[in-house]
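Remember, it's 1-based here, ligands and their atoms both numbered in the order they're listed. Values below: every heavy atom of this structure, side chains too, minus hydrogens, waters and symmetry copies.
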Amino acid sequence: MTVEVRPVEDLDQFTEAILAIGQYFGMVPTEERMQRFADLLTFKRTHGAWSNGSIVGGAGAFTFSLTVPGGDLPTAGVTVVGVFPTHRRRGVLRSLMRAQLDDARERGEPLAALWASEETIYGRFGYGLASFCGEITLAREYTAFAQPFEPRGTVRLVTAEEAQGAVPPVFERIRLQWPGMFSRSDLWWEQREFDDPEERRDGAGPKRWVVYERDGAVDGYAAYRHKFGFDAGSTTAELRVVEALGATPDALRDIWGYLLAVDWIATVKSSLLPPDHPLFLLLATPRRMRYRMGDALWVRLVDVGAALSGRRYSSDGSLVFEVADEFCPWNEGRWKLEGGAAERSDDDAELRLPVQSLGSALLGGISFAELSRAGRVEELKEGALARADALFRWDRHPWCPEIF
Ligand SMILES: CC(C)(COP(=O)(O)OP(=O)(O)OC[C@H]1O[C@@H](n2cnc3c(N)ncnc32)[C@H](O)[C@@H]1OP(=O)(O)O)[C@@H](O)C(=O)NCCC(=O)NCCS
């Protein structure tokens, strides 16, 4: 079967390319909905795969910056990847991945990142699992903190309109502290955060916005929904936290203090929380969160040199990597990391690893020691693993608070 992959050129083609994944979600594509999504994703970043004159697959990439430790890198935010069930396992995905990564390289994006529908799909294309996240279901009676805290600031309910002015600037401050978070354009904020159509509510009420203020500045915020419920005279309601972020530890703690104290609910639910979320140490009974962890962001170094040079490191020292990268062979070979920059080198390699393992380590969420225990990196010179960990470690686990 021959497949031709190229960017879509009009709304009909865009709709077919999106339907390649949309059908698995039961999506009904209206013209208005498709146009709005096309405005955000753009035609030029939406690849279609044609076979016999019809689109049989699609893949898109958002253009954003991903926070890496101490830095911020242009990234292809890979999304809406799908192949029609009539054309599965004939290499359509492979052709799409080829075109998409070549495109990211031409655009000068050192990274591609994604959330995977299944963990088995993207490793073969050079993506490495870079972070974990988990969902919580916390019964209201177990929401007490281990130590009482007096809130340092105040929480104020605001309209979505007011939130539109107050929240994006504080989000930007927060996301630059947190590897794994990505930049949101004005259109992203409008379409993905503030628009709140019924079909996205999953049976709950509209998004409620609160801002957290201290000394006259907005230092945090939360968006949440009430899912009302009542049984035998008592509440079964859920408070569904969509996003709760703080620019300071106090702000994050106080925002959660507020959320956990909302009355007349039975359960607080949230998801996409990193495994080092402060709630684990704030709550008196963290076990009661029933935290269920899974894979979060997958990261692919499109350009090993630029990606490694684009983050900061936790120690001085140098390291020579021997990188294997079958799908993007321009990355193959020896790279020396020294003084925060990575360059090609003829020095003896000290660690040998596939590019996937660099993707796992880049954000600081997975250590070289862990990778080594899983057989995903080989230490060629004694002490190189420990040196790599001293360089790459960061003060927090990566956190991507939104699936894109
Ligand atoms: C996942 C999906 C895009 C794969 O498309 P495809 O055209 O069948 O994939 P290809 O034929 O190009 O397969 C490329 C390789 O990936 C493997 N592969 C593809 N899908 C896989 C899956 N779900 N699990 C494990 N391996 C998979 C193939 O076996 C093949 O392996 P090879 O390199 O050893 O030959 C398609 O099955 C699909 O649309 N699934 C439903 C939607 C979805 O999950 N999309 C991903 C969103 S993140």
Tell me the closest heavy-atom pair linking Leu363 and Pro398, and the distance in Å. CB-CG, 3.6 Å
One residue to check: Glu118. Relative to ligand 1, which of side chain, backbone, both or neither has a non-hydrogen atom less than 4.0 Å away? side chain
Which residue and heavy atom of the protein sit nearest atom 38 (C) of ligand 1, plus the separation: Val83 N, 3.9 Å
N or O contact, Ala20 vs ligand 1, cut-off under 3.5 Å: no
Ring centre gap for Phe171 and Trp189 strictly below 6.0 Å: yes
protein heavy-atom neighbour closest to atom 33 (O) of ligand 1 works out as Arg94 NH2, 2.8 Å
Closest candidate by heavy atom, reference atom 1 (C) of ligand 1, pool Ile121, Val3, Ile21: Ile121
Any carboxylate oxygen within less than 4.0 angstrom of a Lys/Arg side-chain nitrogen, looking at Lys207 and Asp196? no
Could you find the nearest protein heavy atom to atom 4 (C) of ligand 1 and give me its residue, atom name and distance? Arg89 NH1, 3.6 Å
Taking N or O atoms only and a 3.5 Å limit, does His87 qualify as a polar contact for ligand 1? no
Using a strict cut-off of less than 4.0 Å between a Lys/Arg side-chain nitrogen and an Asp/Glu carboxylate oxygen, indicate whether Asp254 and Arg214 qualify as a salt bridge. no
Can you tell me which residue among Arg98, Arg105, Gln100 is in a side chain to side chain donor-acceptor pair (under 3.5 Å) with Asp102? Arg98
Taking distance alone, with no angle check, do Arg90 and ligand 1 share an N/O pair under 3.5 Å? yes
Which protein non-hydrogen atom lies closest to atom 32 (P) of ligand 1, naming both residue and atom, and how far is it? Arg124 NH1, 3.5 Å
Which protein heavy atom lies closest to atom 43 (C) of ligand 1, and at what distance to 0.1 Å? Ser117 OG, 3.6 Å
Could you tell me whether the side chains of Asp219 and Tyr212 share a donor-acceptor contact shorter than 3.5 Å? no
Heavy atoms, side chains only, cut-off 4.5 Å: are Leu297 and Phe404 in contact? yes
Which heavy atom of the protein is the closest neighbour of atom 11 (O) of ligand 1, given with residue, atom name and distance? Gly91 N, 2.8 Å
Does Tyr122 have a non-hydrogen atom less than 4.0 Å from ligand 1? yes
Closest to atom 5 (O) of ligand 1 by heavy-atom distance, out of Ile403, Leu93, Val92, is Leu93
With backbone taken as N, CA, C and O and side chain as the heavy atoms from C-beta onward, which portion of Leu114 lies under 4.0 Å from ligand 1: side chain, backbone, both, or neither? neither
If you scan protein heavy atoms around atom 45 (N) of ligand 1, the nearest is Val81 O, 2.8 Å
Is there at least one protein heavy-atom neighbour under 4.0 Å from atom 35 (O) of ligand 1? no
Mode of Phe25 contact toward ligand 1 - side chain, backbone, both, neither (heavy atoms, under 4.0 Å): neither
Check this for me: does any side-chain nitrogen of one of Arg352 and Glu379 sit under 4.0 Å from a carboxylate oxygen of the other? no
min-distance protein heavy atom vs atom 24 (N) of ligand 1 -> Thr120 OG1, 3.0 Å
